[in-house]
Visitor: 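Sharing a structure, written as structure tokens. Questions coming.
Chain A is the first sequence line, chain B the second, and so forth, proteins listed ahead of strands; every chain is numbered from 1. Every value quoted in this text rests on a predicted model; they were computed, and no experiment measured them.
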4 protein chains.
Amino acid sequence: MKDKLQSIIDQNRKWTNCGQVASYIPELAKADPNILGIAINDINDKAVQAGDYNYYFTIQSIVKVIILICLLIDGGEDKIFDKVGMEPSSEPFNSIPKLERTESGKPLNPFINAGAIACTDAVLGKNCKEKYERIVAMLKKLSNNQNLKINDAVYKSEKLTGQTNRAIAHYLKGAGLIDNSVEDVLDVYFKLCSVEMVVKDIAKIASVIANGGIAPWSQEKIIPTNANKIIKAIMTTCGLYDSSGCFAVRVGMPSKSGVGGGIVSVAPNKMGIAVVGPSLDHHGNSIAGVKVLEELSKSERLSIFL
Amino acid sequence: MKDKLQSIIDQNRKWTNCGQVASYIPELAKADPNILGIAINDINDKAVQAGDYNYYFTIQSIVKVIILICLLIDGGEDKIFDKVGMEPSSEPFNSIPKLERTESGKPLNPFINAGAIACTDAVLGKNCKEKYERIVAMLKKLSNNQNLKINDAVYKSEKLTGQTNRAIAHYLKGAGLIDNSVEDVLDVYFKLCSVEMVVKDIAKIASVIANGGIAPWSQEKIIPTNANKIIKAIMTTCGLYDSSGCFAVRVGMPSKSGVGGGIVSVAPNKMGIAVVGPSLDHHGNSIAGVKVLEELSKSERLSIFL
Amino acid sequence: MKDKLQSIIDQNRKWTNCGQVASYIPELAKADPNILGIAINDINDKAVQAGDYNYYFTIQSIVKVIILICLLIDGGEDKIFDKVGMEPSSEPFNSIPKLERTESGKPLNPFINAGAIACTDAVLGKNCKEKYERIVAMLKKLSNNQNLKINDAVYKSEKLTGQTNRAIAHYLKGAGLIDNSVEDVLDVYFKLCSVEMVVKDIAKIASVIANGGIAPWSQEKIIPTNANKIIKAIMTTCGLYDSSGCFAVRVGMPSKSGVGGGIVSVAPNKMGIAVVGPSLDHHGNSIAGVKVLEELSKSERLSIFL
Amino acid sequence: MKDKLQSIIDQNRKWTNCGQVASYIPELAKADPNILGIAINDINDKAVQAGDYNYYFTIQSIVKVIILICLLIDGGEDKIFDKVGMEPSSEPFNSIPKLERTESGKPLNPFINAGAIACTDAVLGKNCKEKYERIVAMLKKLSNNQNLKINDAVYKSEKLTGQTNRAIAHYLKGAGLIDNSVEDVLDVYFKLCSVEMVVKDIAKIASVIANGGIAPWSQEKIIPTNANKIIKAIMTTCGLYDSSGCFAVRVGMPSKSGVGGGIVSVAPNKMGIAVVGPSLDHHGNSIAGVKVLEELSKSERLSIFL
């Protein structure tokens, strides 16, 4: 498998030239577009990696999966869906000003920024500090790594320049969809998006989901079965912005991308996968990362639709 | 299983009071809102049914699955995606005037009317008569039923009053997405939507998809593996109009609904399922039919996300 | 005045290089982008012209003004506003698939294609032939020219390739906003858009509106006072597609543009003006024509907002 | 004239039952829906009033006219149109989350909230305090009333609950369209919207615009001619939210409404007019106020399109 991964990385590295790194905040624009790395963690906790697997990158929207897991554990299906819808969006990822609201005024799904911010506010905790700690604890547990770090420059850059998210949060506050103060909720959200990981960490997270919510390394049931089912469903329909449908057809693994270039993918009952490639396509997904996942899915027959 | 189905039907029949039958064409408004029926055909070709399983209804948008199958067989993945996108739509099912086009001008996916009309035009055949016969032959083969009938009143009513589809087809013609004459393509499309079936027929179709493209009754491989995979992916992300995401979470079976009240659902490697209930929710899906599928999915653990 | 016009034409001819001739139908693409001409007809019927005033061009959307006049004469304010709204559109002129409907389902205003087609259908006449004759008779009367000609190549090109208008008309038919057959109404509309004129003809029309509805050459009251008022109001708010607001600020004369490059402008109680310049800006308005009108308006203080 | 006004008020008071007072902030919901008042100030400074002319109401969006006047005086046409577009919006007044941006990212016009907030930020002044004082000074000068008061309860209510405007301002900040701090600019804007006046004050303002920018009481030229022209043009195309087009047809006076129930109207070279009626139609305009203006315009022939 190690050789196969290496070969897939080698053959797809050319794609890194075709995209562009995210630049909506100055710090993200510093990412190296040539990076391409992959890690797999299977349900027996066997790990393989290839390419730039030691590259640290901010997880960005991938953290939305963890926020959703926390909220599903805290309150179950119903609590979440008081806050957000579950429908995919056909709007580009950066058309955020539109808020993409459902008829009921709620954000369209938990994976658009408006939805993730509303979910962050609803995670258990008497205040935002506790909510943050709750989500970070889950991130550590799912990645089996107690040494997470925040990319402070990215965090400060988001905080300083993340005006669109600030606009969204104020709107949500006005609509009664956020209880805590806008700046407190945003601070949690910006910090979470700025967590840095390597692909191995994220592959670990994916392997828990792939293994029915049970950590392959400890056999601890971390995610309840129903929550694990919901996570995979929403990752399938909403995980790759407005190319989720195309990704479902071509790759067919529940996944979530982030503008840091990472993608987390779940091959149920088989393995967790993570790729990183900061050069993005115009949908906001890692351009080479998607290619790598497509090739891997085809060669290993990982699509859930097979 | 027979008893279980009967019990699910009985318990959910109350929902038929909460919706409304389709009324955009006069003939459809004559449907009986109290009907609720289900049929299952498993991958060993064992059939069970309950409720109003003898009720004939027009399959309407369910035929889009068959059109897509024909096109995938004829031309493969690439041919289709020259014509349409693959992204779910967050627009209501009846916002058709918007055409829901992708950036490239193509319809958003093969399951919105614009997409299905473009696909109909692209099915193999020297003329529209041959295309129609090709799709009908596939419908007969997949349902293992040579005695299909057209509801002539519905067909004429669609043809006479289906101005929105006519508008769409003229637009597609102008955009170069239809080769044949607008009226010829529409005639095929209207006729196909007006095919009448009972749930057993549709459950047969679903069982072929559930069985990897192989007919459970003859072991004939009707749908190539890759086409079968694509069908399930698109049914999952786009099958229930703008509640496809919610349906993926709550039911989790690749499905397609029609405004005649039918829904076709696939439990991969297990069974094909069809329900009918002409009373629709505001998304255009059978209101009791969705409830029946949700309960069946939960009790039999049929979600592909489990 | 003749010298002033000549000088304005000379100084603005450079702008003809900055735009593009309409190309949505093949015939229009043959227009000469270098043309720039102007004609004035004042309320004493004194005529002046400069530049390419002998250039024949199809009047295209300028005919919408005549259709609206006929309808206002036939049925008054209320009859029209049963058919269309009166609100400006902020959509680009070629986003026609959206139909730009009001809440009530009616086209947003009589100057978008959907509105003009609905109005054409509502003009007095037992059939479309009579409606056509009624509008053409008005066009002849207002331009004081009995020798109108149709550009047959443009007419046939529109009829053959005007699929977006055909889509719109079918949609209107379905919505009950057209009584006659789609093809009959479109035939009238396409023929009217294909009428060819020189700027002098159009300046005559404008001079009637400028003179309170009274023909300067015969003192005949052609347009009733209230209709004349409504025409000017709608020309002001909706006459230049989605740059009507900017044009009101910079030019300030009730006007209507057409994709053939013509613009008809009204300086109330002073004069009627027409320009032609087939090179269009991205709003669909004559790029040099707008500049000429702006300069003339400023130098002669013609804005109604002064 | 006094009798005529009284009679128009009496005959249209019934309409106050058909609308609803604004309720997006709690304080506005306390307005008295039965109020209906009018004041006229002609260009000879002759004043007449009728109905509830002593009723104090917050001027709300009417202040956008004053902000625009200041900005036009400060920087001329070009400075403003660096900040905002000039096109009418076909979106409802409360669809503010969409921001209604032009292609260039700028707000569509200076009379939607996003546009007015951007303009507020651009008014001359080293800081927001000076900007506020500059606009208030203009308001006092134009209304010839040095005793303006702020409705403190409305101001605090806006400040506390005006989350949509806060969202908009943060978005504008991110887009580089606001230089000052979001809260400082909003504070100015909220305070300005909370200025309380009676109709006489507003009729004075309108009379200056009607009189070519010259105060009828002092003959001081307050608004430069070109600025006065632009103001009237934008009031005509954008002054009554998404019923500006209908109002232009039916009333035909450059006007601006506010959700406090006020409308300022200009009959050029004749008079300034102000009405108040807090009961609003679904466009956000005073329902009886519009009727009163329509009747007055028709009986006195005040339309600029006549």
Side-chain angles (χ1 to χ4, degrees), chain C residues 68 72 77 80-81 84-92 98 100-103 108-112 209 212-213 225-254 266 268-269 282-283 297-298 301-306, chain D residues 68 72 77 80-81 84-92 98 100-103 108-112 209 212-213 225-254 266 268-269 282-283 297-298 301-306:
Chain C
L68 183 57
L72 281 165
E77 207 168 323
I80 283 199
F81 299 118
V84 293
M86 328 183 199
E87 294 308 318
S89 162
S90 39
E91 293 290 328
K98 295 200 180 173
E100 306 178 299
R101 295 169 307 145
T102 61
E103 291 152 59
L108 209 51
N109 69 60
F111 285 175
I112 61 170
I209 304 174
T225 302
N226 195 47
N228 205 58
K229 178 190 84 171
I230 292 175
I231 291 288
K232 283 188 285 180
I234 296 181
M235 290 172 85
T236 300
T237 55
C238 311
L240 272 88
Y241 306 110
D242 66 323
S243 70
S244 300
C246 179
F247 188 86
V249 167
R250 296 200 192 277
V251 182
M253 293 190 284
V266 174
N269 305 318
H282 72 284
H283 300 290
S297 171
K298 283 186 174 154
R301 302 182 54 77
L302 301 177
S303 170
I304 62 168
F305 300 111
L306 271 175
Chain D
L68 184 56
L72 281 165
E77 205 167 324
I80 283 201
F81 299 118
V84 293
M86 329 183 200
E87 293 308 318
S89 162
S90 39
E91 293 290 328
K98 296 201 180 172
E100 308 177 299
R101 296 169 307 144
T102 60
E103 292 153 58
L108 209 51
N109 69 60
F111 286 175
I112 62 169
I209 305 173
T225 301
N226 195 47
N228 204 59
K229 178 191 84 172
I230 293 175
I231 291 287
K232 282 189 285 180
I234 297 181
M235 289 172 84
T236 300
T237 56
C238 311
L240 273 88
Y241 306 110
D242 66 324
S243 70
S244 300
C246 180
F247 188 86
V249 167
R250 297 200 191 276
V251 181
M253 294 190 283
V266 174
N269 305 317
H282 72 284
H283 299 291
S297 171
K298 285 188 172 152
R301 301 182 54 77
L302 301 178
S303 171
I304 62 169
F305 300 111
L306 271 175

Visitor: Quick one: which of C:P88, C:S89, C:C238 gives a side-chain contact (heavy atoms from CB on, under 4.5 Å) with D:P88?
Guide: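 With D:P88 as partner, C:P88, C:S89, C:C238 yield a single side-chain contact (heavy atoms from CB on, under 4.5 Å), made by C:P88.
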Visitor: Are any of the side-chain heavy atoms of D:I231 and C:F305 separated by less than 4.5 Å?
Guide: no
Visitor: As an exercise, state the distance from NZ of C:K229 to CZ of D:R301, rounded to the nearest 0.5 Å.
Guide: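 Separation between the atoms: 9.0 Å.
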Visitor: Could you look at C:L306 and say if it's the side chain, the backbone, both or neither that has a heavy atom under 4.5 Å from chain D?
Guide: both
Visitor: Find the one option among C:T236, C:N269, C:I304 whose heavy-atom pairs under 4.5 Å with chain D are most numerous.
Guide: C:T236
Visitor: For each of C:G212, C:S243, C:A248, tally heavy-atom pairs with chain D at distances under 4.5 Å, and name the one with the top tally.
Guide: C:S243
Visitor: For C:S303, is it the side chain, the backbone, both, or neither that has a heavy atom closer than 4.5 Å to a heavy atom of chain D?
Guide: side chain
Visitor: So for C:P268, is it side chain, backbone, both, or neither that comes closer than 4.5 Å to the heavy atoms of chain D?
Guide: neither
